[in-house]
Each structure stands twice: as structure tokens, then as C-alpha cells.
Amino acid sequence: MKKTIGIMGGMGPEATRYMYDLIITRTDAGTDQDHIHVIINSYPQVPLRTDAILKQGPSPTPFLKEGIEALLNAGADFVVMPCVTAHHFIPEVREEIAFDFVSLLDEAGKWAGANLSGIKTAGLIASAGAIESRLFHRVFAAQGIEIISPEAQDLSRALEAVFGPKGIKAGHTTGGPREAILSAAGALIDRGAGAIIAGCTEIPLVLRPQDISVPLIEPMKIAAEVCILKAGYRLKPA
């Protein structure tokens with residue numbers, strides 16, 4: 001039985017577009033009708049997730065609940081959310097509504113466990129909220145993988161590259177933002193990271209597997225492929 005994918009998006013719009021693009025390009029389809037029914041709720045007005053985690057802003061939980069309910073009412077059979085930091089609030093949402101959820105965190109952890117045997121340390125490039133809440137740390141610890149994060153200066157540059165006025169969320173995916181992310185990844189590899197986790201959904205917009213000397217763990221791509229299979233479709237042959 002075919003299923004409908006619901007994308008709880010807008011956090012940010014570029015990451016949402018990329019998630020949909022991944023679903024399209026990884027689905028084995030020869031015609032329009034061979035593709036998956038996807039419902040996208042792009043809700044950029046969801047309050048900043050990191051601010052909420054750091055107790056500096058309102059909780060996004062009511063907005064996430066509203067957005068996910070809209071997807072379910074529109075016919076989505078399950079939900080995926082192209083915002084890593086927002087995953088921190090999913091348990092709160094699930095206390096109020098029941099829904100089937102494809103977690104970028106859980107799927108990335110399972111993928112790493114199945115595909116990266118022998119790697120004991122992974123470098124994480126993510127938002128301050130995702131690092132503070134240790135979202136990846138818990139998931140990857142279950143696979144025997146230790147997480148290391150950028151040092152202060154590299155983290156500051158990486159956050160500016162994503163969230164700054166001339167950053168990735170503002171539509172800038174070349175020049176300074178890309179250089180900052182590449183630099184952060186290189187520094188983590190120099191410190192012993194055997195893989196790099198694209199722990200913010202904007203990171204894959206500037207960091208690609210061929211850019212680094214170790215495997216790139218892409219939660220967005222991993223989750224997109226899980227969604228395709230869960231919806232009852234086939235992956236396009238590599």
C-alpha cells in the first residue's frame with residue numbers, strides 16, 4: 001500500500017526544498033505518476049529552536065503541533081522534519097498528538113551503525129541548540145561512536161555561516177559560508193573525527209562528500225531514503 005509523506009518544514013525553507021529534492025531524485029520513477037504523494041507544510045514562523053533550548057525564546061512546540069496536525073488532517077501517513085534542532089521538541093508534541101515520525105537523528109544513528117563499523121569518533125557540525133541538548137550524542141553513543149564538536153572559534157564561524165545575515169539560511173551557499181563549514185570539518189578531522197555529521201539541515205547545501213577525506217553522514221539524505229521506502233516506493237539505483 002502506498003503512503004503519503006508529510007514534510008513539516010520551513011525551518012528553514014532551503015532545507016525543506018532540499019528534502020523534497022532528495023525525495024524526488026532518489027525515487028525510482030519514470031513518469032510524474034510514479035512519484036510519491038508528498039504534502040509540505042512550510043511554516044517559517046516557528047520560533048527559533050535554539051533560543052528555546054537555551055531558554056532565550058518561546059517554545060516552538062505549539063507551532064510544531066499545529067503544523068503536524070495540519071499535515072495529518074491533509075492526509076499524510078507519516079511525518080519527516082528537515083530541522084534537526086526541532087527534534088528536541090518532538091517528545092512534547094507526541095504527548096499531545098499521536099503520529100508516525102521518521103527521525104533524522106534515529107535514522108542517521110542506525111545508518112552509521114550499519115555502514116561505519118570501526119569508526120569510534122564523529123565530528124558534529126550543528127546548531128548550538130542541537131549541541132547543547134546532545135541530540136546526536138545520545139543516538140550515536142548507542143552505536144559506540146563518540147561525538148566531538150567544533151572548538152569555540154570554529155563553532156562561532158560555523159553558526160555565522162548558517163544563521164548570519166550573509167549565511168546559508170539567507171540564501172548564500174558559496175564563498176564565506178562554504179569556507180567556514182569546510183574549515184570546521186577539516187579541524188574536526190584533524191582532531192580525530194573518522195566521519196563528519198551534517199548535523200544542521202543547511203550543512204549539506206555547502207558540504208559534500210567529495211569535500212572531505214572521511215565519510216559524510218547526511219541525516220537528510222538518509223531520512224529521505226527511509227521515507228521513500230516507507231511510502232512503498234523503490235530507490236533509484238545508484
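Scope of the values below: all heavy atoms of this structure, side chains included, with no hydrogens, waters or symmetry mates.
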Quiz item: Picking from I119, L116, L124, what satisfies side chain to side chain contact (heavy atoms under 4.5 Å, CB included) with I217?
Solution: L116

Quiz prompt | Criterion side-chain contact (heavy atoms from CB on, under 4.5 Å) on R178 and R208, from CA distance to verdict | solution = CA-CA 10 Å; R178 175 169 156 78; R208 301 169 186 87; 3.1 Å; yes

Quiz item: Is it the case that R94 places NZ or CZ above or below the six-membered ring of F99, under 6.0 angstrom from the centre and within 45 degrees of the axis?
Solution: yes

Self-check item: Charged N-O contact under 4.0 Å between E160 and R157
Solution: no

Quiz item: If only atom types and distance count, is the side chain of N73 paired as donor or acceptor with the main-chain N or O of E69 below 3.5 Å?
Solution: yes

Quiz item: So, does T16 use its side chain to make a donor-acceptor pair with the main chain of G12 at under 3.5 Å?
Solution: yes

Quiz item: Can you say whether the rings of F136 and F140 are parallel (under 30°), tilted (30 to 60°) or perpendicular (over 60°)?
Solution: tilted

Quiz prompt | Min side-chain heavy-atom separation P82-M220 under 4.5 Å | solution = yes

Quiz item: Under the salt bridge (Lys or Arg N to Asp or Glu O under 4.0 Å) test, which residues partner K221, sequence neighbours left out?
Solution: none

Self-check item: Contact check, side chains of I181 and I125, non-hydrogen atoms, under 4.5 Å
Solution: yes

Quiz item: Any sub-3.5 Å donor-acceptor pair from D154's side-chain atoms to E151's backbone N or O?
Solution: no

Quiz item: K230 and D77: salt bridge (charged side-chain N to carboxylate O under 4.0 Å, His left out), yes or no, with the steps?
Solution: CA-CA 10 Å; K230 188 176 179 69; D77 293 297; over 6 Å; no

Self-check item: Any donor-acceptor pair under 3.5 Å from E107 side chain to V102 backbone
Solution: no

